[in-house]
Amino acid sequence: SQTIHQWPATLVQPVGSPLSLECTVEGTSNPNLYWYRQAAGRGLQLLFYSVGIGQISSEVPQNLSASRPQDRQFILSSKKLLLSDSGFYLCAWSFRTGRSSYNSPLHFGNGTRLTVT
Amino acid sequence: GDSVTQMEGPVTLSEEAFLTINCTYTATGYPSLFWYVQYPGEGLQLLLKATKADDKGSNKGFEATYRKETTSFHLEKGSVQVSDSAVYFCALSDRGQAAGNKLTFGGGTRVLVKP
């Protein structure tokens with residue numbers, strides 16, 4: 001079976017400090033990978049998605065970047081955090097099934113709660 | 001663009017009450033529809049899905065029917081339990097996407113079931 005690991009679970013960082021959140025998937029190959037952010041009391045916003053190693057698509061302009069150095073590893077980074085970067089960050093994966101990929105549900109990690117102070 | 005609208009919470013119910021969470025959507029294509037549930041402090045879990053008109057998704061006593069004519073996917077459960085307390089998200093995936101499965105989520109509805 002497939003599992004997704006996301007860490008750390010919680011993080012408190014000062015404004016201007018760097019950020020690195022890591023996500024790994026086990027039990028499948030060539031997954032689609034996603035980073036979402038959930039701001040307090042709001043819905044989920046897609047930040048980045050990746051359909052392969054080194055292939056990153058950004059959905060919104062922001063202070064964050066993403067990388068996929070290995071097939072099942074997805075990293076969310078920032079060089080200098082802003083207060084507005086606080087939120088709950090969720091990594092997710094889905095099967096890459098070609099034309100039917102829109103039917104493939106996303107499987108989420110347990111999230112990282114980031115507080116920028 | 002695509003969008004999903006859910007009723008705002010919180011919704012507070014007594015145990016064994018009937019739950020309905022309304023969800024409507026707008027999409028440029030013919031989407032697949034999903035309900036996800038988020039328990040406190042956790043990530044999202046897929047609850048159910050429907051991929052074409054009149055399909056009914058069901059799981060754990062929850063049901064939702066894909067209504068193309070009203071662009072809706074309302075979630076229902078006949079008798080809720082305290083363990084159903086969570087935030088519920090409606091989402092769609094447009095089959096017109098070039099790659100990946102980018103879900104568009106509603107704002108979430110918090111449900112609190114009291115004993």
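This is a predicted model, so every value here is computed, not measured. The chains referred to below are lettered A, B, ... by the order of the sequence lines, with proteins before strands, and numbering in each begins at 1.
Scanning residues 109-117 of chain A against chain B with a 4.5 Å non-hydrogen threshold yields A/G109, A/N110, sorted by number.
Looking at B/Q45, there are no atoms closer than 4.5 Å to chain A (heavy atoms on both sides), in backbone or side chain. Residue contact with chain B, scored on non-hydrogen atoms closer than 4.5 Å, involves the side chain of A/E59 exclusively. Heavy atoms of A/L106 lying under 4.5 Å from chain B belong to its backbone as well as its side chain.
Two residues are said to be in side-chain contact when any heavy atoms from C-beta on lie closer than 4.5 Å; B/T109 and B/L75 fail this criterion. In this structure, the side chains of B/L92 and B/L33 come closer than 4.5 Å at one or more pairs of heavy atoms.
For A/I4 against A/F108, the heavy-atom pair with the smallest separation is CG2-O, 3.5 Å.
Atom CD of B/E16 is surrounded by 12 or fewer heavy atoms from other residues, nucleotides or ligands within 6.0 Å.
Between B/Y66 and B/Y25, the ring-plane angle classifies as perpendicular under the 30° and 60° cut-offs. The aromatic rings of A/W93 and A/F95 sit perpendicular to each other, their planes meeting at more than 60°, with 30° as the lower class boundary.
Residue pairs meeting the side chain to side chain donor-acceptor pair (under 3.5 Å) criterion with at least one member in residues 63-75 of chain A, sequence neighbours excluded, are A/E22-A/Q73, A/S50-A/R68, A/N63-A/S78, A/N63-A/D85, A/R68-A/D71, A/Q70-A/Q73.
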